[in-house]
Amino acid sequence: MKPQDKRWALLALVGYTLLVAYWMLFGFGRVPHDTYMYNVKPFFTIRQFLRSGDLLSGRWLVNMIGNIGVFVPFGLLMPIVLGGKLWRMLSLFLLGVVFLEGLQLVFKRGSFDVDDLILNAAGFLLGVGIYNIYNRLRR
């Protein structure tokens, strides 16, 4: 890959990271809550959404599909910028997401939810998969 392509990918990655941070802390009308909101039980929130039966509601789409889709670009850009091993990229990605989820908890803007981490990681891995398929087809 050309050095200038890596620079553009890095610029896109930094810009998109800032956008996602804004969305997670201030976007979508987020205001501080009176209490700390969190879930540390894996698949608890996901099960609640799947059991609700209201799979086409805006809330379901934002929480389930949004938590996956918004993070696909990280899986597309990080291999260009960082290259290397999947575990290294995934570890760095998860560290960043845990940091942002932690900020949501500390500032009471949104909630810290382990299910968000699971869905975010699924989006990242989907992006990496798309990136790998594209690279194979290109060769």
Side-chain angles (χ1 to χ4, degrees):
M1 181 152 298
K2 298 176 189 173
Q4 79 181 45
D5 292 340
K6 282 189 175 191
R7 283 193 294 267
W8 281 111
L10 176 61
L11 182 63
L13 182 61
V14 169
Y16 193 68
T17 300
L18 293 172
L19 179 62
V20 169
Y22 172 80
W23 284 339
M24 288 179 71
L25 297 171
F26 304 104
F28 309 107
R30 288 188 195 266
V31 294
H33 302 286
D34 293 334
T35 60
Y36 293 104
M37 296 171 52
Y38 60 91
N39 167 44
V40 293
K41 186 176 178 184
F43 301 104
F44 179 78
T45 306
I46 293 171
R47 259 187 264 139
Q48 281 186 316
F49 277 110
L50 292 176
R51 286 184 185 153
S52 73
D54 192 13
L55 300 182
L56 296 179
S57 73
R59 189 167 179 238
W60 186 88
L61 287 172
V62 167
N63 280 284
M64 297 293 286
I65 304 302
N67 272 315
I68 295 171
V70 168
F71 291 90
V72 169
F74 289 99
L76 297 170
L77 293 169
M78 286 180 77
I80 297 169
V81 174
L82 300 175
K85 303 277 186 211
L86 174 62
W87 288 111
R88 187 181 86 161
M89 290 185 295
L90 181 60
S91 297
L92 183 60
F93 171 78
L94 288 174
L95 184 65
V97 173
V98 167
F99 178 73
L100 286 173
E101 288 279 329
L103 287 176
Q104 283 185 319
L105 179 67
V106 169
F107 294 116
K108 299 179 186 175
R109 292 182 168 269
S111 64
F112 180 94
D113 193 333
V114 70
D115 287 353
D116 288 351
L117 299 174
I118 293 167
L119 295 170
N120 299 164
F124 170 80
L125 292 171
L126 178 60
V128 169
I130 293 168
Y131 174 83
N132 288 335
I133 290 169
Y134 171 77
N135 269 346
R136 285 190 182 139
L137 292 175
R138 197 177 68 167
R139 289 184 208 147

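Residue numbers start at 1 and run along the sequence shown.
With hydrogens and angles ignored, the 3.5 Å screen pairs no side-chain donor or acceptor of N67 with any backbone N or O of D116. A donor-acceptor pair under 3.5 Å is absent between the side-chain atoms of D113 and the main chain of Y38, judged by distance alone.
In this structure, F93 is not a member of the same hydrophobic cluster as L95, with clusters built from ILVMFWY side-chain heavy atoms closer than 4.5 Å. If you chain together hydrophobic residues whose side chains sit under 4.5 Å apart, M37 and V114 never meet in one group. If you chain together hydrophobic residues whose side chains sit under 4.5 Å apart, Y36 and L100 fall into the same group. Residues L82 and L11 are members of separate hydrophobic clusters, defined by side-chain heavy-atom contacts under 4.5 angstrom among Ile, Leu, Val, Met, Phe, Trp and Tyr. When the side chains of ILVMFWY residues are joined at heavy-atom separations under 4.5 Å, either directly or via intervening members, V97 and I46 end up in two distinct hydrophobic clusters.
Residues E101 and L117 meet the side-chain proximity criterion, which asks for heavy atoms closer than 4.5 Å. Here the side chains of Q104 and F112 are not in contact, with every heavy-atom distance at 4.5 Å or above. Looking only at side-chain heavy atoms (C-beta outward), T45 and N63 stay at 4.5 Å or farther from each other. The shortest distance between side-chain heavy atoms of S111 and L105 does not fall below 4.5 Å.
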Could you pull out all donor-acceptor pairs under 3.5 Å where a side-chain atom in residues 73-80 meets a protein atom, sequence neighbours excluded?
none

Validation: residues 16-32 side-chain donor-acceptor distances under 3.5 Å, sequence neighbours left out:
{"from": "Y16", "atom 1": "OH", "to": "V70", "atom 2": "O", "distance (Å)": "2.7"}
{"from": "T17", "atom 1": "OG1", "to": "L13", "atom 2": "O", "distance (Å)": "2.7"}
{"from": "R30", "atom 1": "NE", "to": "W23", "atom 2": "O", "distance (Å)": "3.1"}
{"from": "R30", "atom 1": "NE", "to": "M24", "atom 2": "O", "distance (Å)": "3.0"}

May I have the list of side-chain donor-acceptor pairs in residues 122-139 shorter than 3.5 Å, sequence neighbours left out?
{"from": "Y131", "atom 1": "OH", "to": "N135", "atom 2": "ND2", "distance (Å)": "3.2"}
{"from": "N132", "atom 1": "ND2", "to": "V128", "atom 2": "O", "distance (Å)": "3.4"}

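Counting all heavy atoms, side chain and backbone alike, A121 lies closest to L90 at CB-CD1, 4.5 Å. Residue N120 comes nearest to F71 through the heavy atom pair ND2-CE1, 3.0 Å, listed as atom of the first residue, atom of the second, then distance. Across every non-hydrogen atom of I118 and P42, the tightest pair is CD1-CB, 4.3 Å. Here the shortest heavy-atom pairing between D115 and F44 reads OD2-N, 3.0 Å.
The line from CE of M64 to CG of L50 is 4.5 Å long, rounded to the nearest 0.5 Å.
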